[in-house]
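First listed ligand is number 1; within each ligand, the first listed atom is number 1. This one's a predicted model, so the numbers in the text were calculated from it and none came from an experiment.
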Amino acid sequence: MNPRSVDPATQEMLNLAQDQKFETTWDRWETQQPQCAFGKTGVCCRICNMGPCRIDKAGGKRRLGACGADADTIVARNLVRMVAGGAAAHSDHGRDVARTLLLAAEGKGGYAIKDPAKLRQLAAEFGIALEGHSEAELAKALAERAIQMFGQQEGELLFVSRAPAKQQENWRKLGISPRGIDREIVEIMHRSTMGVDTDYQNILLQGFRAALADGWGGSMIATDLQDVLFRAPTPIRSAVNLGVLRKDAVNIIVHGHEPILSEMIVVASRDPELLKMAESQGAKGINIAGICCTANEILMRHGVPVAGNFLQQELAVITGAVDLMVVDVQCVMSSLASLTGCFHTKLVSTSRKAKMPGVEQVVFEEERALDAAKEIVARAVENYARRDPSKVNIPESRSDLVAGFTTDTIFQFLGGRYRSTFRPLNDAVIDGRLRGAVGIVGCNNPNMLHDYAHLTLTRELLKNDVLIVSSGCAAIADAKCGLLRPEAAYESAGAGLREICEAVGIPPVLHIGACVDNSRILTTLVEIVGEGGLGEDFSQLPVAGSAPEWMSEKAIAIGFYFVASGVLTHFGTPHPVLGSPAVHKFLTDDIEELTGGKFLFESDPVKAAARIIEHLDQKRAALKLAPPMYTAKPTFQGVAVGA
Ligand code: XCC
Ligand code: SF4
């Protein structure tokens, strides 16, 4: 046992790292303790050069910043800047996908339109005339309109019109309906700079607006246009954990976020010439495995195995079996540069936005995407011969999984082959086979036991008949312990959820993709509301969201758009807001009056499950639904709780 993780492969590699004195993120995190309480609680302001200012009680009186800013203002400003960072990351990803669609329309870069049906569907939604236009013309028009949404100055983002009418109305009333993606992010930066907005509620509302521009804008564009380019995922089998690395093959890890790169690496890895080259080096093939969200992208569309989630990126290198790791943007640890230097592993960065000192860069220009991908794969193949077998330690742990659910496939599965409708899903909730559904998403964090909160929360909810949808590193955590196999319904689900999984052959945890694909949760909820019988907007549904082990600013942006969309959203550690009781109360209480959603901060995953179930049951009662058929009295860790 290693006390840092509940995942056996991670434990094994951590033991090895400790024996051989390789430093990991856990070690560095420990050297940061105790962490600065001002930073942790959000009351350190570095926004202007009169600062840094920090708020604490001096002589029983709360200090103010040099400009007079109080804790509420400072905490709110710092938090919305994190929303801006997260929304910018997701949305810039969406922008690059839209630009790639434009290239595909022009026949450049080796990209093609793999899902013409989705192209036509989206073109129609954007009001583009379909008659008499070629696929390329439609793709060009669609890409241009999508790109325009980033710089749009007035009006509302088109995808806002997907939301239930009541919700749209409410956003307008609150003044948080997003106008343009870039505009809302810039406005956060402006309002939170020295001497502008000091009303913490007004500041936070702009955070919600920018987050909506992410969830119903940048992220949704990323998801939808990736489906057009690379085709919409359908359920597919694969495997997960460090055990997917192979002793006898060239191992390439793709790490980061954008499928624009990883899709092409997958294509290149199947190139006959490169395969021949691998064979001549004595390797039995080229094995691609993913880490973080890029893993989820190519898993869903190609069944490419997943090596691990966020905290496993360094451990993958320490296996000594990775011939090349290629990274693009987001969640890539700086430490990889020096760590790969201890092994034969080549590290290659690809984005002009993300260079690493001393690390080789093969600039991945979309125009010459396939050539760049082939160049990268060739370097991996060459490097295979340099692998030192005495340094290779691949853990055996791996698990099977099924991934790749989308709004459409959930629709098809639960609606039956001939009747695509959400009726059966809604009916299952109404008759109480299902208590509700919860989206469990987000990262890992060395500040807690790796994967434990993901697994515990998931298991507690499953056995109380809650269907789980999952994305990002949370989905990878669940996959590693087998919860993404249909058989998991027998092992882990309550009787009602089990009946449904059995009837339609799905796992009790539905993998819906990468973090930008949390937009698929929004569109699924739209369909559920539209199907009828469960209220008029998201806030009436027995649903919730959770990021139990979050670390990234992106998680905050996601949490903000879920709360703005009316969903109770749990975070395993609080946002850095504890320095302002007012901001804390606004996020966990007052906001519910405004949007119907709110945050729940709870670090114990069993308690979080109990609070979430209490919430689902309240929503069921408000809709006058019968109590859950089999699990009316919820149980937690085997103990019945409540009346
Ligand atoms: Fe990054 Fe997306 Fe978080 Fe994982 S879950 S650590 S953001 S890879 Ni999105
Ligand atoms: Fe201090 Fe105000 Fe400047 Fe922040 S903006 S650093 S609180 S003076």
Side-chain angles (χ1 to χ4, degrees), residues 25 38 42-56 62-78 81-82 85-90 93 191-198 203 214 219 222-223 254-259 262 290-297 299 306-314 327-333 439-447 450-451 453-454 470-479 511-519 521 545-559 571-572 579-580:
T25 179
F38 295 106
V43 287
C44 171
C45 185
R46 292 184 299 105
I47 278 165
C48 86
N49 196 34
M50 293 190 279
C53 299
R54 60 215 195 293
I55 307 300
D56 60 1
R62 279 212 135 206
R63 231 197 296 245
L64 296 176
C67 67
D70 63 12
D72 301 340
T73 304
I74 292 173
V75 166
R77 281 200 300 223
N78 285 336
R81 283 191 167 212
M82 293 182 86
H90 287 143
H93 169 166
R191 283 212 216 176
S192 60
T193 198
M194 194 270 147
V196 188
D197 203 350
T198 55
I203 295 169
D214 173 2
S219 283
T223 296
V254 287
H255 174 22
H257 276 76
E258 301 186 343
S262 48
I291 286 191
C292 281
C293 280
T294 215
N296 289 315
E297 299 279 7
L299 163 67
V306 177
N309 52 8
F310 176 68
L311 282 182
Q312 290 177 286
Q313 57 187 283
E314 294 172 302
V327 300
D328 53 16
V329 288
Q330 303 173 21
C331 302
V332 176
M333 289 193 195
I440 301 183
V441 309
C443 326
N444 297 138
N445 192 323
N447 72 5
H450 172 233
D451 286 350
H454 288 307
S470 194
S471 69
C473 292
I476 300 175
D478 284 354
H511 178 294
I512 51 108
C515 295
V516 290
D517 294 323
N518 288 326
S519 65
I521 300 180
S546 173
E549 301 183 22
W550 75 282
M551 64 86 198
S552 171
E553 290 176 325
K554 292 179 284 173
I556 297 196
I558 293 166
F571 272 59
S580 164

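For the 3.5 Å distance criterion, the side chains of Lys554 and His257 qualify, holding a donor opposite an acceptor. Thr294 and Ser262 share a side-chain donor-acceptor pair at under 3.5 Å. Side-chain polar atoms of Ser519 and Thr223 form a donor-acceptor pair below 3.5 angstrom. Ser471 and Asp517 form no side-chain donor-acceptor contact under 3.5 Å, judged by distance and modelled atom types alone.
Taking every non-hydrogen atom of Met50 and a distance limit under 4.0 Å, the qualifying atoms of ligand 2 come out as 8 (S). Interface atoms of ligand 1 facing Cys473, defined by a heavy-atom separation under 4.0 Å, are 4 (Fe), 5 (S), 6 (S), 8 (S). Close approach of ligand 1 to Gly442 is summarised as follows: ligand atoms under 4.0 Å from at least one heavy atom of the residue are 5 (S). Less than 4.0 angstrom separates some heavy atom of Cys45 from each of these atoms of ligand 2: 4 (Fe), 5 (S), 6 (S), 7 (S). The ligand atoms of ligand 1 that sit less than 4.0 angstrom from a heavy atom of Cys443 are 3 (Fe), 5 (S), 6 (S), 7 (S). With ligand atoms numbered from 1 in the order given, ligand 2 contributes 5 (S) to contacts under 4.0 Å with heavy atoms of Met194. Against a heavy-atom cut-off of under 4.0 Å, Cys292 is close to the following atoms of ligand 1: 8 (S). Using a 4.0 Å cut-off to heavy atoms of Lys554, the atoms of ligand 1 that qualify are 7 (S). Annotation for ligand 1: atoms under 4.0 Å from non-hydrogen atoms of Phe310 are 6 (S). Numbered from 1 in the order shown, with element, the atoms of ligand 2 that lie under 4.0 Å from a heavy atom of Cys67 read 2 (Fe), 5 (S), 7 (S), 8 (S). Close approach to Gly51 involves these atoms of ligand 2, each under 4.0 Å from a residue heavy atom: 6 (S).
Remark: among candidates Arg46, Arg54, Arg77, the nearest residue to atom 5 (S) of ligand 2 is Arg77, based on non-hydrogen atoms. Checking Cys53, Cys44, Cys48 against atom 7 (S) of ligand 2, the nearest heavy atom belongs to Cys53.
Taken to the nearest 0.5 Å, the CZ atom of Phe310 stands 12.5 Å off from the CG atom of Asp451. A distance of 12.5 Å separates CD1 in Ile556 from CG in Asp214, rounded to the nearest 0.5 Å.
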Please lay out, stage by stage, how Gln312 and Asn444 fare under the test side-chain contact (heavy atoms from CB on, under 4.5 Å).
-> CA-CA 9 Å; Gln312 290 177 286; Asn444 297 138; 6.0 Å; no
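Counting backbone and side-chain atoms alike, Cys515 contributes an N/O/S atom closer than 2.8 Å to atom 9 (Ni) of ligand 1.
Of all the heavy atoms of Cys331, the ones lying under 4.0 Å from any atom of ligand 1 belong exclusively to the side chain. Only the side chain of Met551 comes within contact range of ligand 1, with a heavy atom under 4.0 Å; no backbone atom does.
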